[in-house]
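Side chains included, hydrogens not; waters and symmetry mates left out as well; all remaining heavy atoms used.
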Amino acid sequence: MFLTDLFRTAAFRLTLMALAAMAGVMVMQFGLVYTQMEAVESHRSTTLLRGEAELLARMTPEHLEYVIRKRATDDMRLVISSAGLFDASHALITGDLRVWPRGLKADGKPHNIEIYPEEGAPYPLRLLAVTLSDGNILVLGRSFHLLAEQKLMLRHATFLAAVPTLLFALLLGMVLSHRALSRVKDMHEAIDLIMAGDIHERLPAGKERDDLERLAGSVNRMLDRLESLMDGMREVGNDIAHDLRTPLSRVRAKLERALSTGSAGDALEGAVARAVDELDQCLGIITALLRIAEIESSRRRAGFGTVNLVELIADVVDLYEPIAETEGIHLLTQAGLAPAPVNIDGDRHLLIELLVNLVDNAIKFTPEGGHVTVAVTRQGGKASLSVTDTGIGIVPEERQAVLSRFYRSDKSRHVPGSGLGLSLVSAIAQLHDATVLVEEGKNGLGTCFRVTFS
């Protein structure tokens with residue numbers, strides 16, 4: 001079973017492909033050297049045969065006949081394997097070639113001819129036949145024995161080099177496959193623990209030096225994100241239970257009181273009205289949570305288009321000016337800080353909802369006579385939207401926490417609300433790849449919410 005898994009690993013398959021490539025290269029090299037050896041030996045034999053033929057052709061007939069006869073005791077034996085002197089009718093005059101080789105032509109060109117001796121097996125010779133001035137024909141032959149020995153040595157050397165090389169590469173592939181398989185086994189064990197409920201378990205990633213470790217690192221980061229989301233869901237569930245329990249308990253208590261006292265007419269109507277208000281608050285919380293979930297799922301990106309932030313804040317300020325005047329608050333706009341339109345890619349309706357939540361929140365926490373300023377600027381190629389108030393402010397320790405769901409500081413608990421408005425702002429900003437910064441207001445008064453679009 002282990003060997004089967006070993007042979008199925010990607011490392012082993014890559015090793016086999018590398019082995020096939022190495023074998024193919026070695027075969028190509030062998031073929032190239034093999035053909036080159038034949039070509040070199042053929043050229044060398046032709047040169048030697050022609051050189052000897054020219055040298056012998058200059059001799060007198062008597063001297064030539066003597067040299068051919070005594071060739072066996074001569075140094076020429078080392079160069080020329082066979083020699084023969086024939087007359088014009090191909091009858092042997094002298095030499096060790098007893099008969100005229102079949103297929104040989106006296107054209108002064110080398111030919112590879114199969115020689116059939118009276119005894120023994122046939123063998124090939126490279127023959128050159130030259131017609132002399134007296135009409136006789138000189139035949140010189142050179143054996144392929146040296147080339148055969150060289151080819152044999154090449155085959156042996158190639159085999160001796162290829163076998164250990166391929167075996168070593170195969171062994172190395174098995175070692176690498178075993179290492180990869182053990183790492184995959186560790187990852188499987190970690191995944192089994194995670195599936196069993198241990199969400200804190202992570203895959204062994206090391207220093208992410210190879211593809212497998214980088215993949216494990218990416219999975220670990222995904223698990224970190226999932227764990228964070230699960231913790232958030234758990235906290236949201238607890239917060240929902242806490243925030244809905246209070247108004248629902250009040251509704252139940254008021255209705256029970258109305259029933260137990262036997263209230264009728266206006267008293268019962270008032271109790272029912274207050275119960276409806278409490279239920280509306282519960283429904284508002286649920287609606288806000290569903291809204292945040294819809295935005296965080298990124299399904300609203302299909303409605304993106306070009307949005308001019310200058311026009312956007314003008315519309316929101318016009319909408320909230322009467323409300324601000326009723327509360328005795330000065331609502332100001334500083335869109336004039338951006339002389340040209342500030343356009344971004346986004347969903348206009350969601351951005352209006354973002355700005356409405358910020359302005360409504362600022363008016364809610366600003367005392368009478370205060371100021372709320374809405375501004376839009378472009379700095380460094382990035383558009384920025386800010387809402388600044390002169391209200392009660394937020395301590396530095398709570399500035400990041402106010403963006404989470406259901407969070408309400410001690411200063412704001414007396415103000416009606418569900419604690420989801422700024423969470424909705426954060427969700428819309430994330431959908432637009434924007435960041436929300438909570439800063440101190442001007443001159444140390446109030447709070448500034450700044451949304452910067454990338």
Side-chain angles (χ1 to χ4, degrees), residues 292 295 304 306-321 323-325 327 329-367 369-404 407 409 411-412 415 417 419-454:
I292 293 172
I295 293 171
F304 274 34
T306 302
V307 180
N308 184 357
L309 294 182
V310 176
E311 296 179 353
L312 187 75
I313 68 170
D315 294 340
V316 174
V317 169
D318 288 341
L319 176 65
Y320 270 85
E321 268 185 340
I323 301 175
E325 289 178 1
E327 299 292 335
I329 297 171
H330 302 283
L331 182 58
L332 307 174
T333 176
Q334 293 183 354
L337 294 176
V342 179
N343 295 326
I344 64 167
D345 185 37
D347 189 311
R348 178 179 176 82
H349 298 291
L350 290 179
L351 291 174
I352 288 178
E353 192 169 353
L354 177 147
L355 189 57
V356 162
N357 275 279
L358 290 178
V359 173
D360 183 75
N361 204 59
I363 293 174
K364 189 183 301 181
F365 292 101
T366 300
H371 295 78
V372 175
T373 305
V374 185
V376 59
T377 58
R378 181 180 288 278
Q379 296 178 350
K382 295 184 178 181
S384 180
L385 188 67
S386 64
V387 177
T388 308
D389 61 58
T390 57
I392 59 178
I394 303 174
V395 295
E397 295 79 11
E398 296 182 340
R399 288 176 183 170
Q400 193 61 34
V402 296
L403 298 176
S404 59
Y407 184 86
S409 64
K411 295 181 180 180
S412 62
V415 180
L420 292 172
L422 293 179
S423 299
L424 188 59
V425 169
S426 178
I428 295 174
Q430 289 181 7
L431 182 64
H432 289 79
D433 296 325
T435 56
V436 181
L437 296 179
V438 184
E439 305 169 346
E440 190 177 51
K442 294 181 179 179
N443 302 321
L445 297 176
T447 307
C448 175
F449 286 87
R450 188 179 307 277
V451 182
T452 303
F453 299 88
S454 58

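In this structure, NZ on Lys364 lies 11.5 Å from CD1 on Ile329, to the nearest 0.5 angstrom. Between the CG atom of Leu385 and the CD1 atom of Ile313 there is a distance of 7.0 Å, given to the nearest 0.5 Å. Atom-to-atom distance recorded for Leu437:CG and Ser384:OG is 8.0 Å, nearest 0.5 angstrom. The line from CD1 of Ile352 to CG of Asn357 is 12.5 Å long, rounded to the nearest 0.5 Å. Here the straight-line distance linking atom CZ of Arg378 with atom NZ of Lys382 works out to 11.5 Å at 0.5 Å rounding. With rounding to the nearest 0.5 Å, the separation of CG in Asp360 from CG in Leu319 is 10.0 Å.
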Take Val387 and Val372, measure what side-chain contact (heavy atoms from CB on, under 4.5 Å) needs, and give me the verdict at the end. CA-CA 7 Å; Val387 177; Val372 175; 4.1 Å; yes
Do Leu332 and Val374 pass the side-chain contact (heavy atoms from CB on, under 4.5 Å) test, and can you show the C-alpha distance, the side-chain angles, and the key distance before you say yes or no? CA-CA 6 Å; Leu332 307 174; Val374 185; over 6 Å; no
side-chain contact (heavy atoms from CB on, under 4.5 Å) assessment of His432 paired with Leu351: CA-CA 9 Å; His432 289 79; Leu351 291 174; 3.8 Å; yes
Go through Thr447 and Phe365 one step at a time and tell me if the side-chain contact (heavy atoms from CB on, under 4.5 Å) criterion holds. CA-CA 10 Å; Thr447 307; Phe365 292 101; over 6 Å; no
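Put simply, the side chain of Thr366 does not reach to within 4.5 Å of the side chain of His371, judged on heavy atoms. Taking the side chain as every heavy atom from C-beta outward, Leu358 and Val451 approach each other to under 4.5 Å. With a 4.5 Å cut-off on side-chain heavy atoms, Leu309 and Phe453 count as touching.
Among all heavy-atom pairs drawn from Val307 and Gly346, the shortest one is CG2-O, 3.4 Å. Closest of all the heavy-atom pairs between Ser426 and Val436 is CA-CG2, 4.5 Å. Pairing each heavy atom of Cys448 with each of Thr388, the nearest pair is SG-OG1, 3.3 Å.
Partners of Ile323 according to the side-chain contact (heavy atoms from CB on, under 4.5 Å) rule, which considers only residues two or more places apart in sequence or in another chain, are Tyr320. Residues meeting the side-chain contact (heavy atoms from CB on, under 4.5 Å) test with Asn343, sequence neighbours left out: Thr306, Asn308, Pro341. Scored by the salt bridge (Lys or Arg N to Asp or Glu O under 4.0 Å) test, Asp315 finds Arg348 as partners (sequence neighbours excluded). Under the salt bridge (Lys or Arg N to Asp or Glu O under 4.0 Å) criterion, Glu439 pairs with Arg450, not counting sequence neighbours.
Note on residues 385-394: no pairs pass salt bridge (charged side-chain N to carboxylate O under 4.0 Å, His left out), not counting sequence neighbours.
Partner of Phe449 under the side chain to side chain contact (heavy atoms under 4.5 Å, CB included) criterion, out of Val359, Leu355, Val425, Ile394: Ile394 alone.
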